[in-house]
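Have a look at the structure below before the remarks.
Chain naming here is simple, since letters A, B, ... match the order of the sequence lines and numbering starts at 1 in each.
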Protein chains: 2
Amino acid sequence: MRCWEEFHLNGYYNTSMQKLAAATGLQKAGLYHHYPTKEDLMRRVMEFALDQFRSYVLAVSTELDLPPEQRLEKLLRRHKKLAILHRRGCFFANIALETGREGLFNEVLKTGMMDWADAVSKILSEYMPAGAAQSEALRLIMEYEGAVLFYKLTAEEEHLEAFIHRAVTNLKRASEHSISLKQV
Amino acid sequence: MRCWEEFHLNGYYNTSMQKLAAATGLQKAGLYHHYPTKEDLMRRVMEFALDQFRSYVLAVSTELDLPPEQRLEKLLRRHKKLAILHRRGCFFANIALETGREGLFNEVLKTGMMDWADAVSKILSEYMPAGAAQSEALRLIMEYEGAVLFYKLTAEEEHLEAFIHRAVTNLKRASEHSISLKQV
DNA sequence: AATTTTACCGACCGTTCGGTAGGTAAATAT
DNA sequence: ATATTTACCTACCGAACGGTCGGTAAAATT
């Protein structure tokens with residue numbers, strides 16, 4: 001959906017229905033034929049974004065033919081590709097911080113974040129207990145979101161690249177540790 | 001400044017000059033007497049916020065009577081206090097993600113973030129080499145900003161509290177490691 | 001073939017936006 | 001005591017906002 005790109009580029013409040021209409025090739029009234037309000041349209045856009053996110057990024061976590069380290073790296077790298085596209089960062093984080101206090105879209109946003117955490121946790125859990133994998137996944141996502149923030153501020157991809165490297169290295173260390181445990 | 005609170009609560013685009021005027025007890029034209037444009041006013045507000053941030057949060061890093069672990073914890077806890085006030089999160093991160101692409105205020109925001117990293121780095125450097133301290137400080141801030149994002153989404157302070165615990169624990173571990181090195 | 005529904009348009013609604021013009025009363029400078 | 005500046009007001013501007021209206025042409029239903 002073209003509306004997604006528009007919201008992603010300019011945020012919720014700084015995107016008018018006129019802009020959205022122009023982006024879709026419709027007139028404003030045409031847009032209102034499909035969606036009753038701007039808020040409602042945004043909700044649909046977010047569900048669309050969530051679907052895209054699931055099928056393009058999170059789906060990597062179930063590619064069981066790859067070893068966990070490579071799966072994690074592939075997943076993160078896909079997310080990075082989205083983030084550096086037009087230097088937009090993470091759609092969910094952007095909207096979350098912009099509309100965070102009123103919590104207009106918090107439910108969908110929470111779902112997206114938790115799905116993300118689950119996907120990463122699934123990968124990690126091959127090398128560590130479920131509980132540890134879950135909290136480590138959450139921690140990784142936090143660190144990643146911070147890295148995206150720095151990337152948006154400085155335009156240096158290095159922040160993202162360094163994060164991916166840290167994450168994968170950590171997982172490799174955990175892998176060695178889990179193997180050595182099994183050998184005992 | 002009351003304008004700060006208003007921008008912090010509602011973001012840049014969702015805060016009108018009318019709201020700002022009402023918040024300060026002035027009329028809109030009265031505001032325009034002091035600041036030529038909304039963007040200019042925001043810039044002043046951000047400098048004010050930066051000053052506050054430096055003197056209330058970052059200043060903790062120079063309280064040399066406290067051991068590094070306690071200094072770090074005190075600094076982070078002060079930041080947390082700001083974040084949970086009205087559940088607003090981190091002012092700089094909010095504005096950065098909202099206005100990130102145009103980069104309207106990126107210079108000030110970058111300054112704030114880098115000052116922050118320097119303050120944390122200063123604390124860490126007592127237990128590790130300068131280079132390591134710097135990158136670990138950056139990493140900590142990234143993780144913290146992500147924790148704030150989750151806090152804003154879920155309203156669970158636990159995300160922030162867990163982060164502080166992780167950070168302080170890590171530092172203690174680094175401290176023991178540095179002591180054991182000195183003993184060799 | 002007649003009817004209904006769908007998708008869309010141009011024009012317009014009241015409101016709010018960022019910003020300005022002109023005036024006034026108090027403080028300050030001379 | 002007079003002149004000037006400062007701080008602030010009411011009233012207003014054109015543009016843009018989110019959203020609605022009546023209408024139309026094509027598609028789908030009957």
Side-chain angles (χ1 to χ4, degrees), chain A residues 1-49 51 86 88 91-92 94-109, chain B residues 1-49 51 86 88 91-92 94-109:
Chain A
M1 182 79 91
R2 309 295 303 270
C3 295
W4 176 35
E5 300 180 6
E6 214 60 29
F7 275 127
H8 203 348
L9 280 172
N10 304 314
Y12 179 65
Y13 291 112
N14 196 28
T15 300
S16 68
M17 293 299 275
Q18 326 248 31
K19 281 188 205 164
L20 293 170
T24 56
L26 294 181
Q27 289 303 104
K28 204 171 44 154
L31 256 190
Y32 273 102
H33 173 69
H34 295 284
Y35 311 96
T37 66
K38 183 183 179 183
E39 190 179 324
D40 204 84
L41 167 57
M42 180 53 150
R43 237 174 274 277
R44 296 294 303 271
V45 164
M46 300 215 342
E47 278 159 26
F48 169 79
D51 279 349
H86 303 302
R88 296 181 302 191
F91 178 64
F92 301 115
N94 292 347
I95 302 302
L97 288 202
E98 186 188 352
T99 67
R101 208 185 53 103
E102 322 90 303
L104 274 178
F105 311 108
N106 274 10
E107 285 313 310
V108 197
L109 291 166
Chain B
M1 181 80 91
R2 310 295 302 273
C3 294
W4 176 35
E5 300 181 6
E6 214 60 28
F7 275 127
H8 204 346
L9 280 172
N10 304 315
Y12 179 66
Y13 292 111
N14 196 29
T15 300
S16 67
M17 292 300 274
Q18 327 247 31
K19 281 189 203 162
L20 292 170
T24 56
L26 294 181
Q27 290 302 104
K28 202 170 45 153
L31 258 189
Y32 273 102
H33 174 68
H34 295 285
Y35 311 97
T37 67
K38 182 184 179 184
E39 191 179 323
D40 203 84
L41 166 59
M42 180 52 150
R43 236 173 272 277
R44 297 294 303 271
V45 163
M46 301 219 336
E47 279 159 26
F48 169 80
D51 279 349
H86 303 302
R88 295 181 301 190
F91 178 63
F92 300 116
N94 292 348
I95 302 301
L97 288 203
E98 187 188 353
T99 69
R101 208 184 55 101
E102 322 91 302
L104 274 178
F105 311 108
N106 273 11
E107 285 313 310
V108 197
L109 291 166

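Between the P atom of dG10(C) and the CG atom of Leu26(A) lies a distance of 11 Å, rounded to the nearest Å. Counting to the nearest Å, the P atom of dA15(D) and the NZ atom of Lys38(B) are 19 Å from each other.
Checked against ring-ring contact (aromatic ring centres under 6.0 Å, His included), Tyr13(B) has no partners two or more places apart in sequence or in another chain. A search for ring-ring contact (aromatic ring centres under 6.0 Å, His included) contacts involving Tyr35(A) returns nothing, not counting sequence neighbours. Remark: Tyr32(A) engages no residue in a ring-ring contact (aromatic ring centres under 6.0 Å, His included) (not counting sequence neighbours).
Across all their heavy atoms, Thr99(A) and Phe105(A) have their closest contact at OG1-CD1, 3.9 Å.
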Take Asn94(A) and His8(A), measure what side chain to side chain contact (heavy atoms under 4.5 Å, CB included) needs, and give me the verdict at the end. CA-CA 8 Å; Asn94(A) 292 347; His8(A) 203 348; 3.6 Å; yes
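Taking the side chain as every heavy atom from C-beta outward, Asn14(B) and Glu98(A) never approach each other to under 4.5 Å.
Put simply, CE on Met17(A) and OG1 on Thr37(A) are 7.5 Å apart, with the number rounded to the nearest 0.5 Å. The structure places CE of Met46(A) at 6.0 Å from CE of Met42(A), a figure rounded to the nearest 0.5 Å. In this structure, the separation between OG1 on Thr15(A) and CG on Leu9(A) is 8.0 Å, given to the nearest 0.5 Å.
Residues from residues 5-23 of chain B lying near DNA chain D, meaning a heavy-atom separation below 4.0 Å, are absent.
Ring geometry, Phe7(B) versus Tyr12(B): the interplanar angle falls under 30°, so the pair is classed parallel (tilted spans 30 to 60°).
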Can you build the contact string for nucleotides 20-25 of chain D? Use B for base contact, S for sugar-phosphate-only contact, and - for no protein heavy atom under 4.0 Å. BB----
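With the end axes of the helix from dA1(C)-dT30(D) to dT30(C)-dA1(D) each set by five pairs, the angle from one to the other reads 10° at 10° resolution.
His33(B) has no side-chain polar atom (N or O) that falls below the 4.0 Å cut-off from OP1 or OP2 of dC8(D). The side chain of Gln27(B) places no N or O atom within less than 4.0 Å of a non-bridging phosphate oxygen (OP1 or OP2) of dC8(D). Contact annotation: His34(A) reaches the phosphate of dC8(C) (side-chain N/O to OP1 or OP2, under 4.0 Å).
Salt bridge annotation for Glu39(A)-Arg43(A): present, with a cationic side-chain nitrogen under 4.0 angstrom from a carboxylate oxygen.
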